[in-house]
Amino acid sequence: MSECYIRVAEDENEEPMEIPSEEDGTVLLSTVAAQFPGACGLRYRSPVSQCMRGVRLVEGVLHAPDSDWGNLVYVVNYPKDNKRKMDEMDAASAVKIKRGIQKTSDLIVLGLPWKTSEQDLKDYFSTFGEVIMVQVKRDVKTGNSKGFGFVRFADYETQIKVMSQRHMIDGRWCDCKLPNSKYFLEQAGPDEPMRSRKVFVGRCTEDMTADDLRQFFMQYGEVTDVFIPKPFRAFAFVTFADDQVAQSLCGEDLIIKGTSVHISNAEPKHNNIHHLFSNFPGRSPSLAAMFERSQYQYPSSHV
DNA sequence: GTTGAGCGTT
């Protein structure tokens with residue numbers, strides 16, 4: 001093979017430019033790049049397969065496909081093309097990851113007027129984004145509001161926004177914070193190996209039947225048992241066939257029949273957060289400090 | 001029938 005010119009273009013349909021080869025018939029990438037800055041290779045459409053083929057590139061030297069470059073038009077490869085695709089992939093996976101770890105959590109709404117109803121809460125918070133749960137905590141006997149409630153949003157961005165400001169609701173300033181329970185659950189951290197297939201479902205309402213719970217939890221895996229204490233005690237136990245399913249749900253707040261229930265391990269006797277919490281009703285300085293900090297922390301991810 | 005920092009009927 002001898003020195004010649006090969007036809008190179010940025011696109012198959014564009015007018016090609018002739019590029020000189022070396023004496024041995026190869027073409028230097030640097031020569032291509034001299035005319036097409038940023039080029040990182042060449043490709044061409046195979047007359048046989050009609051597919052695009054890459055030109056062999058070894059240490060900056062482009063080698064003719066067969067014995068000859070022929071009369072084909074070679075198309076310039078740019079790293080941008082692939083890079084852009086990579087970026088899109090990264091962005092997509094980043095969003096997925098974001099969605100995965102930045103789940104929303106219930107927010108406690110402190111300082112509500114006594115008169116504020118769940119509808120009022122929903123109306124107010126809907127101005128920030130999609131609301132998927134609201135509660136006003138009331139005295140069971142009188143039905144009077146306790147002056148606080150909970151709200152949960154569909155999107156994490158909404159949650160961040162809502163937590164970042166005070167809220168004027170029915171004439172009073174209210175605060176939305178992460179509930180204290182969150183803090184301890186995160187502290188529980190990379191969990192102890194208590195591979196239970198049974199989970200504790202807290203904050204159940206009386207209208208949740210065993211069948212409701214079974215139907216709901218089926219989506220996560222095979223449910224082998226549902227236990228609801230009688231008389232009503234606002235909690236239940238759900239047992240899965242697979243312990244990994246059970247474990248994966250621990251720490252979650254799930255919404256069943258419009259109510260946020262809390263999933264935790266079914267049989268933690270010692271060093272569990274409920275124990276800790278009931279033993280120290282918030283008077284310890286160190287705990288108070290942790291509460292304090294928790295108010296300014298966004299929830300960290302936990303698997 | 002009241003109240004105003006807090007924490008959700010385990």
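Every chain is numbered from 1 and lettered A, B, ... according to where its sequence line falls, protein lines coming before strand lines. Just so you know, these numbers come straight off a predicted model, no measurement behind them.
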Using atom [atom1] of [X] as one end and atom [atom2] of [N] as the other, report the distance to the nearest whole Å.
{"X": "I263(A)", "N": "dT10(B)", "atom1": "CD1", "atom2": "C1'", "result": "13 Å"}
{"X": "F232(A)", "N": "dT10(B)", "atom1": "CZ", "atom2": "P", "result": "9 Å"}
{"X": "K115(A)", "N": "dG1(B)", "atom1": "NZ", "atom2": "P", "result": "20 Å"}
{"X": "R203(A)", "N": "dC7(B)", "atom1": "CZ", "atom2": "P", "result": "15 Å"}
{"X": "R166(A)", "N": "dA5(B)", "atom1": "CZ", "atom2": "C1'", "result": "13 Å"}
{"X": "D175(A)", "N": "dG4(B)", "atom1": "CG", "atom2": "C1'", "result": "12 Å"}
{"X": "E206(A)", "N": "dG8(B)", "atom1": "CD", "atom2": "P", "result": "19 Å"}
{"X": "I255(A)", "N": "dG8(B)", "atom1": "CD1", "atom2": "P", "result": "18 Å"}

Nucleotide nearest [X] when distance is taken to its side chain, options [options]:
{"X": "M133(A)", "options": "dG8(B), dC7(B), dT10(B)", "value": "dG8(B)"}
{"X": "Q135(A)", "options": "dG8(B), dT10(B), dG4(B)", "value": "dG8(B)"}
{"X": "R172(A)", "options": "dG8(B), dG6(B), dG4(B)", "value": "dG4(B)"}
{"X": "S264(A)", "options": "dG6(B), dG4(B), dT10(B)", "value": "dT10(B)"}
{"X": "P179(A)", "options": "dT10(B), dT9(B), dC7(B)", "value": "dC7(B)"}

- Is the distance from OP1 or OP2 of dG6(B) to the nearest side-chain N or O of K177(A) less than 4.0 Å?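 Result: no.
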- Query: Starting at the 5' end of DNA chain B, which residue's closest nucleotide do you reach first, K137(A) or W114(A)?
  - Reply: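 Its nucleotide being nearer the 5' end, the pick is W114(A).
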- Given DNA chain B, 5'-ward residue of the pair F148(A) and R138(A), judged by closest heavy atom: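 Looking at DNA chain B, the more 5' nearest nucleotide goes with F148(A).
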- Query: Going by atom types only, do T209(A) and D211(A) share a side-chain donor-acceptor pair under 3.5 Å?
  - Reply: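 Short answer, no.
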- Query: Between T259(A) and Q135(A), does any side-chain donor sit less than 3.5 Å from a side-chain acceptor?
  - Reply: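 Side chains of T259(A) and Q135(A): no pair found under 3.5 Å.
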- Query: Going by modelled atom types, is there a donor-acceptor pair between the base of dG8(B) and the side chain of D106(A) at under 3.5 Å?
  - Reply: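 Under the 3.5 Å cut-off, the side chain and the base do form a donor-acceptor pair.
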- Message: Does L107(A) reach a base, just sugar-phosphate, or nothing at all? Heavy atoms under 4.0 Å.
- Response: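 Counting heavy atoms under 4.0 Å across all strands, no contact is made by L107(A).
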- Base, sugar-phosphate alone, or nothing: which one does P113(A) contact when heavy atoms must sit under 4.0 Å apart?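 Answer is base: heavy atoms of P113(A) come under 4.0 Å of a base.
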- Task: Show your working on side-chain contact (heavy atoms from CB on, under 4.5 Å) between V27(A) and E22(A) and close with a plain yes or no.
- Result: CA-CA 6 Å; V27(A) 172; E22(A) 300 305 298; over 6 Å; no
- Task: Could you tell me the separation between the CG atom of L72(A) and the OG atom of S46(A), rounded to the nearest 0.5 Å?
- Result: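 One gets 8.0 Å once the value is rounded to the nearest 0.5 Å.
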- Are F153(A) and F128(A) close enough that their ring centers fall under 6.0 Å?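 No, they do not, as the ring centres are separated by 6.0 Å or more.
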